[in-house]
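Structure first, then comments.
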There are 2 protein chains.
Amino acid sequence: MKKQLTDRQEEILVFIKQFREENGYPPTLREIGKKFEISSTFGVKRHLDALVKKGYLNIESNASRGISFQRDTEESQETKLFKIEDDYGFHKVPILGRVAAGVPILAEENIEGSIVVDSSFMKKSENCFALKVKGDSMINAGIFEGDLVIVSSKRDVVNGDIVVALLEDDATVKTYELKNKMIRLLPQNPNYNPIEIIDIESFKLIGKVIGIVRWLN
Amino acid sequence: MKKQLTDRQEEILVFIKQFREENGYPPTLREIGKKFEISSTFGVKRHLDALVKKGYLNIESNASRGISFQRDTEESQETKLFKIEDDYGFHKVPILGRVAAGVPILAEENIEGSIVVDSSFMKKSENCFALKVKGDSMINAGIFEGDLVIVSSKRDVVNGDIVVALLEDDATVKTYELKNKMIRLLPQNPNYNPIEIIDIESFKLIGKVIGIVRWLN
DNA sequence: CATAATAGTGCTCATTTGTTTACTGCTAAA
DNA sequence: TTTAGCAGTAAACAAATGAGCACTATTATG
């Protein structure tokens, strides 16, 4: 975490940013001084030194206008990405490989890639992910082998929804049905049989399928 | 339109861009000269003057490192969007409403919105668009009413591909088949009959379906 | 009260940096 | 052959610029 700035230091930091934005190059000590009515370059320089020490700026010594901004922390890199995602209307959603019991779903090692999804389909806070479908048990619901299903774990699931559940260490896509305190996972393919779950406690629902993406060829 | 640059000028322009990117401030004449082994600052200065005259740079006289880039034209604003699209791996694809004969497909008035598509699926040069599917004639191909099909007009179409064609002033999604100099558009639903096109000349193929996106709820 | 951190003045000095002039050499077009 | 555009050297100069010192003043903290 970066250190707290004084009001004056904050003002100056903002000015440098703006100046660079407008002019394409950073200001000199005297240009900063002029703006804030600091007549001595030394006064300005000490502010800059403080900003360097506190982790905001880099200064190349003996170079004119040698001011640059310290690389953003990873946190604010992420903030930046979110901002771009908002502006351009998309979200990056990780594509998961196998989903094994025990390991956190979104663990680094499970992520095989990512796909971009239009933000009109989901909130950025939803923490969605994508799974590649194996098998043909859902063909009558228009979900084919190789399709990517977009999954959200933060939506209510009601009867008839398509969900992803963890069955014997493997993720499965099925239609969800809760009746008489029993959960049934219904395939949408007459060649398969429904799966009945009696022990509701042990049932591991991963999330609800909110979208499907298929790519041909 | 900006004027043509010489090789040398191009090199130098690129270097300035990179330098500014890396250091946060533009280079001095001597820093440019060092890079290109131009021992005289005057040699460098004349390159910069040329870049100013040709509309690429602005130079603040008597200011150190006073180099900035001329404001982008609208054309290069688009280039900028493309760059962001490249960096973040997506494309914006327009969603078309009705597709009527006569009117250019991508005419402003046809565009109902846009959707973001992962760039691993298409090249940016492909000029794709999306269409909302009406009817259920392709359910056995996993294409349902309301799905968005992503269409490219720049791909070769072979038998078995799913295409969008213009039939009687309306766009239709069907499987394509060319046999015995006759085109047949095959629905993927036993309740519908194939459409046979005898007059190949009059056949208006809009494009090939390269992807399908469905959103649930 | 002493101490440290912050903020600033006024000044000098050494470098850095852009500007300019005079001159050389190459190539393509008129 | 002349002219124009491009590319570069060498040198000198003035202005722009960062660095540093000595000194003052305010404010918060223990």
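Everything quoted here is computed from the prediction, not taken from an experiment. Order of the sequence lines fixes the chain letters, A, B, ..., with proteins taken first and strands second; residue numbering starts at 1 for each chain.
The side chain of B:T28 contributes no N or O atom lying less than 4.0 Å from OP1 or OP2 of C:dT16.
Running 5' to 3' along DNA chain D, contacts with non-hydrogen atoms of chain A at under 4.0 Å begin and end at D:dT17 to D:dA22.
No donor-acceptor contact under 3.5 angstrom links the side chains of B:S119 and B:E85, judged on distance only. A donor and an acceptor atom, one from each side chain of B:Q9 and B:K54, are located under 3.5 Å apart.
In this structure B:Y176 satisfies the ring-ring contact (aromatic ring centres under 6.0 Å, His included) test with no other residue, sequence neighbours excluded. Partners of A:F19 under the ring-ring contact (aromatic ring centres under 6.0 Å, His included) rule, at least two apart in sequence or in another chain, are A:F15. For A:S120, the side-chain hydrogen bond (donor to acceptor under 3.5 Å, both in side chains) criterion is met by A:D118, not counting sequence neighbours. Residues forming a ring-ring contact (aromatic ring centres under 6.0 Å, His included) with A:Y25 (at least two apart in sequence, or on another chain): none. For the side-chain hydrogen bond (donor to acceptor under 3.5 Å, both in side chains) test, residues two or more places apart in sequence or in another chain that qualify with A:R155 are A:E126. Legend: residues meeting side-chain hydrogen bond (donor to acceptor under 3.5 Å, both in side chains) with A:K92, ordered by chain and number and at least two apart, are absent. Looking at residues two or more places apart in sequence or on another chain, you find a side-chain hydrogen bond (donor to acceptor under 3.5 Å, both in side chains) between B:E11 and B:R8.
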The contact string for nucleotides 5-14 of chain C, one letter per nucleotide 5' to 3', using protein heavy atoms under 4.0 Å with B, S and - for base, sugar-phosphate only and none, comes out as -SBBBB----
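Judged by distance alone, with hydrogens and angles left aside, the side-chain atoms of B:R214 form no donor-acceptor pair with the main-chain N or O of B:I143 at under 3.5 Å.
Looking at B:R65 and B:E31, a side-chain N of the basic residue comes within less than 4.0 Å of a carboxylate O on the acidic one, giving a salt bridge. Look at A:K53 and A:D49 and you find no salt bridge, because none of the NZ, NE, NH1 or NH2 atoms lies under 4.0 Å from a carboxylate O.
Counting only heavy atoms from C-beta outward, the side chains of B:Q70 and B:Y56 never approach each other to under 4.5 Å.
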Mind listing the N/O atom pairs, protein and nucleotides 24-30 of chain C, below 3.5 Å?
none

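Of the residues in residues 15-25 of chain B, not one comes within less than 4.0 Å of DNA chain C through any heavy atom.
Two end axes, each from the C1' atoms of five base pairs, can be drawn for the helix from C:dC1-D:dG30 to C:dA30-D:dT1; they diverge by 30°, to 10 degrees.
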